[in-house]
Amino acid sequence: MRAAAVLAGLAWAPFVLADDAVTRPSWSLRGFGSAGVAYADFADADFNASILKGNGVGHSGRWSANVDSRLGAQLSVKANAQWSAVLQVISEQRLDSNYRPSVEWANVKYQATPDLSIRAGRIALPIFLAADYRKIGYTYPWVRTPVEVYGAIPFSNSDGVDASYRFNFGSVKNTTQVFVGRTDLKLPGGARIEARKLAGFSDTVEVGALTGRVSMLTTDLTFDVLRTFFDSLAAFNARGAALAELYAVDHKRANAFSAGINYDPGNWYVMAEAGRMKTRSFLGDTTGVYASAGYRLGDFTPYLGYARVRSNSSTTEPGIDLAGMAPQAAAAGAALNDYLSWLLTTVPVQRTVSVGTRWDFMTDVALKVQFDRITPQGGSRGTFTNVQPGFVSGRSVSVASAVLDFVF
Amino acid sequence: MQFPSLRQVLAAFALALLARGAGAAELVVIVSARSPIGPLRADQVADIFLGQVGRFPDGAEAFALDQAVGSPLRNEFYDKVAAKTPALMKAHWARMIFTGRGQPPREAQGSAAVRKLVAENPALIGYIDKSALDASVKPVLLVH
């Protein structure tokens with residue numbers, strides 16, 4: 001009798017496991033958000049966390065809640081040990097300045113083996129260390145991810161397929177992710193940014209408290225918002241056509257590469273990252289780097305940061321040679337040249353020194369305050385938007401921010 | 001009267017040896033007495049509890065079972081095994097959840113409840129107060 005019970009127990013063991021709460025169908029609804037306010041000591045441009053926002057702080061107002069505020073919800077469904085799905089919706093200020101929610105992720109995941117998973121749908125782009133959680137302020141120490149590096153790729157997701165494989169080599173944990181997809185961004189006024197034939201990989205290595213990630217992506221990029229200008233330039237003369245070919249973002253191959261490390265043994269951290277974005281267009285070829293370090297004192301984590309972005313391509317362009325042209329043609333040519341030169345000032349060249357602290361004052365909620373001293377350089381307007389005539393490249397400006405990050 | 005199996009005797013002996021060198025140790029990581037898993041290193045245990053590895057070293061599927069959030073035992077466990085404060089653990093799981101890479105371990109209330117669930121299921125790994133050990137579970141790491 002006893003032996004029979006033991007045998008029955010053994011025979012049932014796998015089924016007991018399969019039926020256990022750890023593997024049975026389940027769903028969860030979770031949320032995250034940031035309530036932020038920023039103050040700027042300047043008014044001739046807007047500072048913002050992303051170029052995909054309508055306005056920021058500075059010209060649009062000395063105080064702004066739009067820079068860092070957002071609310072997100074995530075519905076996760078797990079059908080069984082293999083199949084799961086996730087839907088993440090985020091509301092934050094968009095380019096048309098409203099907060100209409102958008103679908104950040106919507107994908108189905110198949111866990112082929114405990115180490116290999118495949119996802120299809122809208123997926124986070126795994127570029128940069130914090131790329132896949134850059135919208136969840138609670139997960140990182142700062143008020144926002146450094147704009148000099150993370151601003152290079154404003155997209156945070158793509159529609160496609162990815163595969164993720166992890167393996168351990170002694171105490172080294174490696175995760176390799178490959179992805180293909182595309183992403184479209186509709187701009188106010190009907191224009192759009194299209195990233196087609198998007199493909200890339202990301203490799204994350206963890207050894208104890210050290211995490212490193214390298215990632216690469218390549219895409220066919222089209223940004224048709226300036227079509228009228230580039231059409232006029234191309235129609236002007238042969239040189240104009242050559243310039244339009246050179247600077248228009250019309251099916252241009254864009255490549256991004258990033259490498260970052262994070263060392264976090266518990267009571268302090270250092271994090272450093274470099275990213276390069278090469279677009280072969282007026283969007284430029286830039287390299288951004290940042291380094292940040294923090295020390296944990298109980299519930300407080302004071303930190304310092306330095307970030308810089310510079311251009312690897314020329315940000316000045318002599319344009320069309322106007323010598324010997326009839327006055328009317330020369331005036332039109334000069335206008336085209338001026339506009340092109342202005343476009344090239346949007347290639348960011350900038351540095352920022354940051355100091356701040358995170359305060360984990362209650363469960364699931366962190367308060368952060370941060371002070372940034374930002375200097376656009378070399379004639380560039382840096383990462384600033386809504387630039388006004390009074391704006392001076394090379395002058396340092398300050399932004400002070402406070403944000404309440406939470407997860408629920 | 002049921003005699004303990006050879007494995008249980010060895011496990012008890014191993015624990016006695018571990019405890020002798022450990023002095024003030026109070027936390028012990030356990031698997032079911034039916035599990036073939038041997039002693040584990042702290043980093044192997046941390047990997048499973050942080051959702052970074054889904055298997056025991058022998059390849060069998062592993063599911064972590066946590067103590068209730070906010071319990072001193074849980075805070076001490078993560079402090080010693082992963083060098084993470086409760087706030088850092090929260091940030092870790094927020095990253096895992098909101099990137100779709102995993103869900104935090106399920107929880108049980110107190111050492112007796114953890115021990116009971118672990119004893120019943122060889123796929124589970126938990127941690128309890130050393131004083132709650134009995135023959136239904138096998139210690140695989142003493143945390144000190």
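Chain identifiers are assigned alphabetically (A, B, ...) following the order of the sequence lines, protein sequences preceding nucleic acid strands; residue numbering begins at 1 within each chain. Quick caveat: nothing in here was measured; it's all calculated off a predicted structure.
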Chain A contact via [X] - which portion, at a heavy-atom distance below 4.5 Å:
X: B:Gln44; answer: neither
X: B:Ile97; answer: both
X: B:Thr85; answer: neither
X: B:Arg95; answer: both

Pick one of side chain, backbone, both or neither for [X], based on which atoms fall under 4.5 Å of a heavy atom in chain B.
X: A:Asp132; result: both
X: A:Ser28; result: side chain
X: A:Asn107; result: neither

Looking only at B:Asp79, B:Val53, B:Asp43, the option with the highest number of non-hydrogen pairs under 4.5 Å against chain A is B:Val53

Residues [X], [Y]: salt bridge by 4.0 Å N-O rule:
X: B:Lys90; Y: A:Asp364; answer: yes
X: A:Asp405; Y: A:Lys368; answer: yes
X: A:Asp264; Y: A:Arg296; answer: yes

Distance col, row A:Trp83:CH2 vs A:Lys78:NZ, nearest 0.5 angstrom, shows 13.0 Å

So CD1 of A:Ile123 and OG of A:Ser164: to nearest 0.5 Å the spacing works out to 10.5 Å

Chain B shares the most heavy-atom pairs under 4.5 Å, among A:Asn267, A:Val86, A:Thr363, A:Asp115, with A:Asp115

Residue from A:Asn168, A:Ile136, A:Asp360, A:Val407 scoring the most non-hydrogen pairs under 4.5 Å with chain B is A:Ile136

- request: Could you verify whether a donor N or O on one side chain and an acceptor N or O on the other, from A:Glu206 and B:Gln52, lie under 3.5 Å apart?
  value: yes

Once you measure the plane-to-plane angle for A:Trp268 and A:Tyr263, does it fall in the parallel (<30°), tilted (30-60°) or perpendicular (>60°) bin?
tilted

